[in-house]
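Sequence lines set the chain letters: A, B, ... in the order given, protein chains first and strands last, and positions in each chain run from 1.
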Number of protein chains: 2
Amino acid sequence: MSNIRDVAQLAGVSVATVSRALQQPDLVSLKTRTKVLSAVKQLGYKPNLMAVRFRSGKTRNLVVLVPTVANVFFARVISGMQQAAHDKGYSLLLCNTLADEAMEQSYARMVHTSQADGLIQLRAHNPFAQLEMKTGSVLPMVNACEVLDRIACPTVLLDNRAAACAMTEHLLQLGHKRIAMIKGPARSPLTRDRVAGYRDALDAAGVAFDESLLYPGDFTLQSGHKAATELLALAKPPTAVFCENDEMAIGAIQGIKQAGLSVPGDVSVAGFDDISFAAFSDPPLTTIAQPAEEFGSTAVSLLIDLLDGRLGKAPKVILPFDLIQRASTGPAPAVSD
Amino acid sequence: MSNIRDVAQLAGVSVATVSRALQQPDLVSLKTRTKVLSAVKQLGYKPNLMAVRFRSGKTRNLVVLVPTVANVFFARVISGMQQAAHDKGYSLLLCNTLADEAMEQSYARMVHTSQADGLIQLRAHNPFAQLEMKTGSVLPMVNACEVLDRIACPTVLLDNRAAACAMTEHLLQLGHKRIAMIKGPARSPLTRDRVAGYRDALDAAGVAFDESLLYPGDFTLQSGHKAATELLALAKPPTAVFCENDEMAIGAIQGIKQAGLSVPGDVSVAGFDDISFAAFSDPPLTTIAQPAEEFGSTAVSLLIDLLDGRLGKAPKVILPFDLIQRASTGPAPAVSD
DNA sequence: CTTATAAATGTTATCGGTTACATCAATATC
DNA sequence: GATATTGATGTAACCGATAACATTTATAAG
């Protein structure tokens, strides 16, 4: 691999001149610039960015903590991040945490060992408070998709409460009274917000909240299937099921069908995220569309702004949602409670 | 951020001693080692890995080119890669190419600019031959999931021909004679192999190959839907459709149902990959299971072996497949042909 | 034709580690 | 007790680029 010294020698100039010819061309005469560029070409010289970054102290890498890339929604978010990062000259170091806290910590440490400049986390389980304490220094971090309670950091999220409320209203307007919710893990702020929105709508409609209709899932197809099966086994089963993501909704649809019921004839099902499979389920899924790629690109922009000191006090960017009505939701069955 | 000099000063030793105390502890007396470690702790010293890697010339980063992370199968492969890379002290620089060749080249160049040590590509469109020529130096590369024709490089793949043959045989055994195949883009080696396997099975069964039953898709749900719709409009429509991935198969199922036909009563549908959604489609999808995570981890292992000079002549690792029979395939309708 | 000023280029310290080599002390060998 | 050997530590070069500062050359002004 040729280095800047080789280029300087071949061009008959100093290393500083080579560096300037490449970085600030207007500081170098046309003649020397030409000589330098020709030498660069002849040697196939490529600057060693490891050296550049070491010297500058900027790695231009961003760590991304994703609970699981196997989740279609997150995949879209990552895609948006990658595009934005590339546009701004950054690279993404991807970490599929799989809820392994040691793994998360290990990747977060990359910022402190100068392997990355900052970190983006989706779905925060919150553990970075300790990490920040321990090192004393602040970890440049942006949070996307789910709000972090304990730490004030730039965030891009949906108004999950309003979205869940809107979907619940949609089901109420269809005449449903017993609306179950297949939610996420209990402690998740995301789940808390969506359950709050669900209750907002119930309260506004004067429908009593029934704890037994709240079922905790884990965002997988399997858990949606299991949840629906168990909800239908209740003494008073629901006529509508609102799922916190589309995977669980698709799992729920299968569970309902296997119980010999029809969707939406007997039970309506609604999802959240509008993943590509939502439009292809049978029946196609009514869901809340989120601008997934925009979550990613916005998170990256926020983080880079933060790194460049261009950011005020931990802004919260709220992205819009859209209720997509498809065939999985319909009028409540006549004999409904 | 404290550096090694700060530690040396606080511990009252030289920087070399600090470095040795941390890297080769047995070269340092117990007494000094203790002093050094205590100073490290007191200062919260973390070695600047940017400096280490610059000096060593090893970045410990691997570029991963993925056509699209939105593809569930690739998401699993990436998950496997990430796990393996982390275990071996490497990080993944993820590039979602979206079939943008400029993007691919841009990321491939990261190896030449010392931002990464090597590259893994899934689904090669082949363009790195030129890139290698241009720079003169070899690009340490591993290919996964799809074989690269023009370049001899370590590869981990399925026996796609055998797998496609097995699935086609399964359909033939069910009595199907008109078996369509929704394949990938024409030039893809992956598609070529699978089509070859499909023809192997037809030939072995003495069934004539019909060009009109070969429909090129692009691995998306939409393209599967479109393909199925158009195949059913043929004068002699197929009674079975073998799709080159599960997304297209799920799209095809919807297209077939919307045409008023049943799966598998009128038309059987088979997929490839066994993504999580396959078991949750209606009917559940018969498909070829691939060890996706293992593709990823094996690719990473191969690349690291290659980088460490531990690899012989471009090995090809063949991973096993498994035909998963579910409800989307059934006996050919009686009046078939 | 000088001198002042600007433009172009060169010299060299620097970033933070690692490591070859030098040095010095302690123990072993004869 | 002198020398060889081993062990522990220090000194400084080095990786490849950048940029502060120094120096030279060209241009402008008087």
Round to a whole Å and report the spacing from CD of B:Q115 to P of D:dG16.
16 Å

Within 6.0 angstrom of B:Q9 CD, more than 12 heavy atoms from elsewhere
no

If you find the nucleotide of DNA chain C closest to B:N48 and the one closest to B:R20, which residue's nucleotide is nearer the 5' end?
B:N48

note: A:M50, atom CE; D:dT18, atom C1'; distance rounded to Å ~ 17 Å

Whole Å only: how far is the NZ atom of A:K35 from the P atom of C:dA8?
14 Å

Nearest to the side chain of A:I4, which nucleotide is it out of D:dT18, C:dT11, C:dG17?
D:dT18

Just call it for B:S19: base, sugar-phosphate, or nothing, with non-hydrogen atoms closer than 4.0 Å on any strand.
base

Where each residue is assigned the nucleotide of DNA chain D containing its nearest heavy atom, which of B:V15 and B:R55 is assigned the position nearer the 5′ end?
B:V15

Describe, in one word, how the ring planes of B:F295 and B:F73 are oriented to each other, choosing from parallel (under 30°), tilted (30 to 60°) and perpendicular (over 60°).
perpendicular

Residue that, paired with B:M81, satisfies side chain to side chain contact (heavy atoms under 4.5 Å, CB included) out of B:L62, B:V66, B:I120
B:I120

B:L49 has an atom CG; how far is it from atom C1' of C:dG17, in whole Å?
10 Å

Heavy atoms under 4.0 Å, any strand shown: does A:V18 hit a base, just sugar-phosphate, or nothing?
nothing

Closest to the B:A16 side chain: D:dT18, D:dT11, C:dG16?
D:dT11

B:L27 has an atom CG; how far is it from atom P of D:dT6, in whole Å?
15 Å

Would you please say whether a donor-acceptor pair under 3.5 Å links the side chains of B:R53 and A:Q115?
yes

Would you tell me if any nitrogen or oxygen in the side chain of B:T17 comes within less than 4.0 Å of OP1 or OP2 on D:dG10?
yes

Measure the distance from CZ on B:F54 to C1' on D:dA13 and round it to the nearest whole Å.
13 Å

Rounded to whole Å, how long is the line connecting atom CZ of A:R5 with atom C1' of D:dT18?
11 Å

Out of C:dG17, D:dT9, D:dC15, which nucleotide sits closest to the side chain of B:T32?
D:dT9

Indicate whether any N or O donor in one side chain lies under 3.5 Å from an N or O acceptor in the other, for B:T17 and B:S14.
yes

In whole angstroms, the gap separating P of C:dA7 from CZ of A:R33 amounts to 14 Å

